[in-house]
Number of protein chains: 2
Amino acid sequence: MARKDEHDKKERILDAATMEIARRGYHQTTVAVIARRAGVADGTIYLYFKNKEEILASLFGRALDRFIAEGRRKLEGLSGAEAKLRAIVELHLTLVGQDRDLAIITQVELRHSLHFLEELSRAKVGRYLGIIAEVIAEGVAGGEFRTDLDPVLAAKAVFGVLDEMATDWVLSRRNIRLEAKAPEVTALVMAMVRPVS
Amino acid sequence: MARKDEHDKKERILDAATMEIARRGYHQTTVAVIARRAGVADGTIYLYFKNKEEILASLFGRALDRFIAEGRRKLEGLSGAEAKLRAIVELHLTLVGQDRDLAIITQVELRHSLHFLEELSRAKVGRYLGIIAEVIAEGVAGGEFRTDLDPVLAAKAVFGVLDEMATDWVLSRRNIRLEAKAPEVTALVMAMVRPVS
DNA sequence: GTGTAAAATGAATGCCTATTCATTATCCTA
DNA sequence: TAGGATAATGAATAGGCATTCATTTTACAC
């Protein structure tokens, strides 16, 4: 079987898992139901994933890779820490707001156990936090931001704000677009890092 | 059996559940193991709780009630929105940092399903966010804070920062005290709401 | 078109554990 | 202290589902 089909099948399984897990929750979603939606046999899942939990991990890995790739691309074209930080806020809200199923998984289902979250956190989210911290460090060094900021701590704070907005959006049933909050959220984030004039 | 003993037994079950769930995670913790640690029979659990999930919910309810009670008490003695907001930050970090087992549950295990989180969020966390929003509104009205703040959104941002600090503390194995971050975190939070002078 | 390897299938297996409920112990009143 | 209620017990039940693997299908080279 060609490389392409193989790739497609794996993708199909991940897409199916995203839909089902978002609707039923990780623990209520059986491997059988994922297989059915993906149009493969139950056993086929295990040709592509070691076990059920690895599906969840791959799901998130794939999403975060895309997320970070797009982020880097957008950031490259910008100069100045403030512009970059604004772009991060905008991008975060836009990308999370783009796919509610995926958002449900990243904001809720992913956090289903300490062990799992620890692994994920170190390996993946750490990269993202690192990018934010770098931008803040750049701003501190260049005098755009307050000089007494600890970039690592400030990055966590920024991430906390964005993550809470995302979770709130997922939990609220109102049908507003997450992006719509970008201007206000950006203002709050910028206030955290701006020098007191 | 006296009212007191009954209460004690329920408390014992909740305490046992806190320890076991923090160590193994909600799904790996069997009702039998909670019963054993609490020193009761498996069936006894069901005299006090409708089912396993209700144990988790009660656990959190009890903790948040204490949390909010202590918060209100501390806040009463203070005047001025800035002082209150500072107190909230300090209190949040102090109380979460006081009990790591409980923190593991609130920051990780509690968020194990969308349905569960939705209920919890509306019923309980909403109260807490409301208190923060009130304080911010007071500060806006009194000119202590920026007048263009939306108190509800700003409260979410503040909560996001605090929640992320708590989660980070739970996931990091380093043995620092969470309270130690209070001054820096307070600075970040105050920066969000302070008027641009 | 035949043979071999790779991929896919899905029924069967085996494990796990929440919850129930018949039985036993304890409490309390008169 | 009798006996009716209330509380506690824990073995048995019942259902659920991840994972395996013997078998079948497909791909492809010669």
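Below, chains carry the letters A, B, ... as their sequence lines are ordered, and counting in each starts from 1. From a predicted model like this one, the values you see are computed outputs, not experimental measurements.
Minimum interatomic distance between Arg12(B) and Gly39(B) (heavy atoms only, all atoms of both residues): NH2-O, 4.0 Å.
Put simply, the side chain of Arg24(A) never gets that close to the backbone of Thr29(A): no donor and acceptor are under 3.5 Å apart. Under a 3.5 Å cut-off, the side chain of Gln107(B) and the backbone N or O of Asp163(B) do form a donor-acceptor pair.
Using a 4.0 Å heavy-atom distance criterion, Thr44(A) is classed as a base contact.
One can place NE2 of His27(A) at 12 Å from P of dA18(C), the figure rounded to the nearest angstrom. Here the P atom of nucleotide dA8(C) and the CD1 atom of Ile34(A) are 17 Å apart, to the nearest Å. Per the geometry, OH belonging to Tyr48(A) stands 18 Å off C1' belonging to dT19(D), to the nearest Å. To the nearest angstrom, P of dC21(C) lies 18 Å from CD1 of Ile45(B). Rounding to whole angstrom units, CZ of residue Phe49(B) and P of dA18(C) are separated by 15 Å. One can place NZ of Lys52(B) at 8 Å from C1' of dT17(C), the figure rounded to the nearest angstrom. In this structure, Ile13(A) atom CD1 and dT19(D) atom P are separated by 14 Å, rounded to whole Å. In this structure, Asp8(B) places its CG atom 12 Å from P of dA8(D), rounding to the nearest Å.
When distances run from any side-chain atom of Thr30(B) to the nucleotides dA7(D), dT17(C), dT19(C), the shortest one goes to dT17(C). Ranking dA18(D), dT17(C), dA11(D) by closeness to the Asp42(B) side chain, first place goes to dA11(D). Residue Leu47(B) places its side chain closer to dA8(D) than to any other of dA8(D), dA18(C), dT19(D). Distance from the side chain of Ala41(A) is smallest for dG10(C) among the nucleotides dG10(C), dA18(C), dG10(D).
Using modelled atom types and a 3.5 Å distance limit, the side chains of His27(B) and Tyr26(A) yield no donor-acceptor pair.
Contact check, Lys50(B) against dT19(C): no side-chain N or O comes under 4.0 Å of OP1 or OP2. Phosphate contact (OP1/OP2 of dA8(D), side-chain N/O of Lys9(B), threshold under 4.0 Å): present. Phosphate proximity of dC21(D) to Tyr46(A): absent, as no side-chain N or O sits under 4.0 Å from OP1 or OP2.
Every residue meeting the side chain to side chain contact (heavy atoms under 4.5 Å, CB included) condition with Thr106(B), not counting sequence neighbours, appears here in chain and number order: Phe60(B), Leu102(B).
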